[in-house]
Amino acid sequence: MRILVDMDGVIADFEGGFLKSWRAVHPENPFVPIEQRITFYLVEQYPADLKDLVQEIYLSPYFFRSLAPIEGCVEALSEIKAMGHEVFICSSPLTSNRYCVLEKYEWVESYFGKEWVNNIILCKDKTIVKGDVLIDDRPNITGLYLPSWEHIIYDQPYNRGEMGKKRLDWSNWKSVLFSLDV
Ligand SMILES: [Mg+2]
């Protein structure tokens, strides 16, 4: 199988990285704990007058580079690869952050190793990419084509309204992806 794996919210902890910076830089302002997140875009869950400050956090240099890996992702992707599957990291960069693309490459090299850098696909429209499965935390993915892949949701509090698709996290991926006992 060819398995496409999204970055933010799947292997890179965007939400955790945001909260950490937000609370450090603006301790006087309210924050939304991850368990209470219900919209895909976090800025939509903050008051309108804080929107610019919220965006400033993830538009900053080093934001994407400093995200922590989501627990279990490095082991899971290495194991899937070792099982003989093709694994590509397929991410849609935040084009409004001019550092994002480079930092994503640096991030993958740093946590996964140099050989994984060749398996990065950055594109805004994932329906153009061919694969059997796309693991992604975005509830609904559309584009120019009907996707060739099955979208499996990476479980996050903000995508639980999306029903009717398989969902997994790095603690149960074997049973969801391959019907193997974990
Ligand atoms: Mg994502």
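Sequential numbering from 1 along the given sequence is applied to the chain's residues. Keep in mind it's a predicted model, so treat the numbers as computed, not measured. Counting convention: from 1, in listed order, for ligands and their atoms alike.
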Asp137 and Tyr158 side chains, donor-acceptor separation under 3.5 Å: yes
Test item: side-chain donor near acceptor, Asn159 and Arg167, under 3.5 Å: yes
Pairing of Arg65 and Glu103 as salt bridge, 4.0 angstrom limit: no
Lys/Arg N to Asp/Glu carboxylate O, Glu150 vs Lys165, below 4.0 Å: no
Plane angle bin for Trp107 and Tyr111 - parallel if under 30°, tilted between 30 and 60°, otherwise perpendicular: tilted
Spacing of CE belonging to Met7 relative to CG belonging to Asp136, to within rounding of 0.5 Å: 12.0 Å
Polar protein atoms near the Mg ion (ligand 1) [N, O or S; cut-off under 2.8 Å]: Asp6 OD2, Asp8 O, Asp137 OD1
